[in-house]
Student: 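Quick one: structure below, then a few questions.
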Amino acid sequence: MDAFFEVENVVREFRPPVTLGDKIAARLGAKVEMRSVKAVNDVSLTLEKGKTLGLVGESGCGKSTLGKVAAGILAPTAGTVLLDGKPVMTDGRKQTTRVQTVFQDPFASLDPRMKVGDAVAEGPIEHGLVTRADARAYVLDWFARVGLDPSYANRYPHQFSGGQRQRIAIARALAMQPDLLICDEPVASLDVSIQAQVINLFLDLRRDLDLTCLFISHDLSVVRHVSDRVAVMYLGRIVEEAPTEALFEAPAHPYTRALIASIPKLVLNRETLVEFDPIAGEIPSPLSPPPGCYFAPRCPLAADRCRETAPDLRTTENGRRVACYFPVSTRGAD
Amino acid sequence: MTLVLDVQDLCTSFHTRAGVVKAVNGVSFTLRKGEVLGLVGESGSGKTVTGFSLLGLVDAPGRIDRGRIVLNGQDLVGLPERELRKRRGRDIAMIFQDPIATLNPLLSIRTQMTMALDAHASMGRAAAEKRCVEVLEKVGIPDPRSRLDNYPHEFSGGMRQRVAIAIALLHNPSVIVADEPTTALDVSIQAQILHEMRSLAQETGTALIWISHDLATVSSLATRLLVMYAGRVVEEGPTAEVLNNPRHPYTRGLIDSLPATAEPGKPLSQIPGTTPSLLSLGQGCPFKPRCTYATDICDTAPALSAVTKRAWRCHHPLAMEGAA
């Protein structure tokens, strides 16, 4: 199948604002170092229609920034994002309403002074998907589809629990009839029992609406549950991307392997104590990343060449991509 | 092993304008030297308020209505603030969820640790520094002597939480209450901290109460598990037994709703409904509206039933597999 959604060599850089001190120093002739953070560093991804790509990584790895670039909220510094062959953004303006986002915190993403029904209706009316006269029925239909009582449409966000708010946020995104839904940690702020309800809702809607999804989360077990493919990010770069089961069963990149080993598992048999094998050290500062492979300082397999030049993301067998000079052999496991 | 903490029928409530919120409603448990007790529950289940009650940190309009908290043979409930202060940090310490909020941003780590030391012991500067370096080393902070003069913003999240743990360890307390200490951290850092905490509990003999919403982290650490729901302990027992063979439908529901226990892509089994408001709890079992086993008898609150090491609060407990 052809790629429906493509992220091509996207870079997103952030620069701290130039301070007065910098200006004075520059005026006096001092060399001012321009610091910048490449939150997303040359990332390419493709996604087929109707599939879900999970994007995992630890905080600061750039997964949310990539999500915002993919959604057309942030313009990429370089590279393009294409939906169905057409750019999502040109000249810093979003070109399509076919990409919508569900954010992590439903307490922050809903306007506290706007009735939730109006919040859901606003976008579709503005973009002519529904007339003002029909908006009411349209909204109530969406409320029913996300499992909310339609009579709640006249309430304000503070009258809802976290799980209900996330349902409203999902309704608001889907009311725009997107082809691509970007979910940025949609269940991270919810309790376990509520999290299961929202994941189930997501699975149902995805099937019914044939949605293509980019599912961003730090929770590997949630990503494993909902994704067809999974990409792992580390310090702005994709280090590995593979079909979900292949990635979890036989991770090729040492970072993926360590990350999976770090997930606390439900310990059902306590004959022996669980062995933790934590990754040593911490994520390096993105302001001054190490030369070569960014994971090299923490990697048990790192050799000299890893510290000198960064490995490319190469395609190995069965559609797996991995950026490592010494990938763990996955042959026979895929 | 010796009993260090004995909590009996603890009731903590908040007297608000809207009514009395019974955040902790008759919680009892015991803790032995070096034991790790996991306290799990969703938000609003009363797990954090239980932790705060143990240290006497519940502020108005909240108060401990009833119950006993016997720490090393002495009941803490009703003790004047002056007496509580003597024990906080020395006999019982707490680690909070957010290490950014726990540490004072204006003071160096050395100053903060020395203040904590001085609160209960008088020692010279050299001895104080030695003790600080010792505990920082114990929690895995590299090069602790030079890090002492750093300020909190110079540490990463994981390192800050280690400093908070080090401060809790300063006086070798009998009990440390850890309230979601790894929730704000990344998984790789969380694994490091869990690893450190377990060896610390084994080495120092400090008993640990690990409060968390995450069954998986708790199960990798705690030897015994308390499951809380709406201010009550609904199930208690050795961790592996409770997880393998839960007797309360709520515990079963919690385990089943984890994505890790389900087949990928298939719907997760879910607990219907939401957690009840603590303001309007009726007489019956608080889980009744969400429970698939509920019958009329559930309109009266179930008493705690107990068999050997297990206990549960349910009229329709799930079958015990194998011999009880």
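Letters A, B, ... mirror the listed sequences (proteins, then strands); counts begin at 1. The shown structure was predicted, so the numbers you read here are calculated from the model rather than taken from an experiment.
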Student: State plainly whether the residues A:Arg320 and A:Glu240 are in salt-bridge range, i.e. N to O under 4.0 Å.
Tutor: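 Yes.
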Student: Between the main-chain N or O of B:Pro152 and the side-chain N or O of B:Arg160, is there a donor-acceptor pair closer than 3.5 Å?
Tutor: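 Checking the backbone N and O of B:Pro152 against the side chain of B:Arg160, a donor-acceptor pair under 3.5 Å is found.
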Student: Let's test your reading of the structure: which of A:Asp228, A:Ile199, A:Leu220 forms the most heavy-atom pairs below 4.5 Å with chain B?
Tutor: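 Most pairs with chain B among the choices: A:Ile199.
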Student: Quick one: of B:Gly140, B:Gly273, B:Gly44, B:Pro142, who has the most non-hydrogen atom pairs under 4.5 Å with chain A?
Tutor: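 Winner by heavy-atom pair count: B:Gly273.
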Student: Going by distance alone, is a donor N or O of one side chain under 3.5 Å from an acceptor N or O of the other, for B:Arg290 and A:Ser193?
Tutor: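 Per modelled atom types, B:Arg290 and A:Ser193 side chains form a pair under 3.5 Å.
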Student: Given heavy-atom pairs under 4.5 angstrom as the criterion, report whether the side chain, backbone, both or neither of B:Thr261 touches chain A.
Tutor: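 Side chain only.
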Student: Is the side chain of A:Asn200 donor-acceptor paired with the backbone N or O of B:Pro267 at a distance under 3.5 Å, no angle test?
Tutor: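 Side chain of A:Asn200 to backbone of B:Pro267: no pair is present.
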Student: For the candidates B:Ile193, B:Leu215, B:Ile271, which exhibits the highest count of non-hydrogen atom pairs separated by less than 4.5 Å from chain A?
Tutor: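 Sorted descending by pairs with chain A, the first entry is B:Ile271.
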Student: What part of A:Glu245 gets closer than 4.5 Å to chain B, counting heavy atoms only: side chain, backbone, both or neither?
Tutor: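 The answer is the side chain of A:Glu245.
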Student: Say whether A:Tyr234 and A:Arg298, considering side chains only, have a donor N or O and an acceptor N or O under 3.5 Å apart.
Tutor: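 Yes.
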Student: Non-hydrogen atoms of chain A under 4.5 Å away: do they reach the side chain of B:Pro272, the backbone, both or neither?
Tutor: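 For B:Pro272, backbone heavy atoms alone lie under 4.5 Å from chain A.
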Student: Considering residues, nucleotides and ligands other than B:Glu263, do more than 12 of their heavy atoms fall under 6.0 Å from its CD?
Tutor: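 No, because the 6.0 Å sphere around CD of B:Glu263 holds 12 heavy atoms or fewer from other groups.
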Student: Measure A:Ser161 against the heavy atoms of chain B and call it side chain, backbone, both or neither at under 4.5 Å.
Tutor: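 Side chain of A:Ser161 only, per the 4.5 Å heavy-atom cut-off to chain B.
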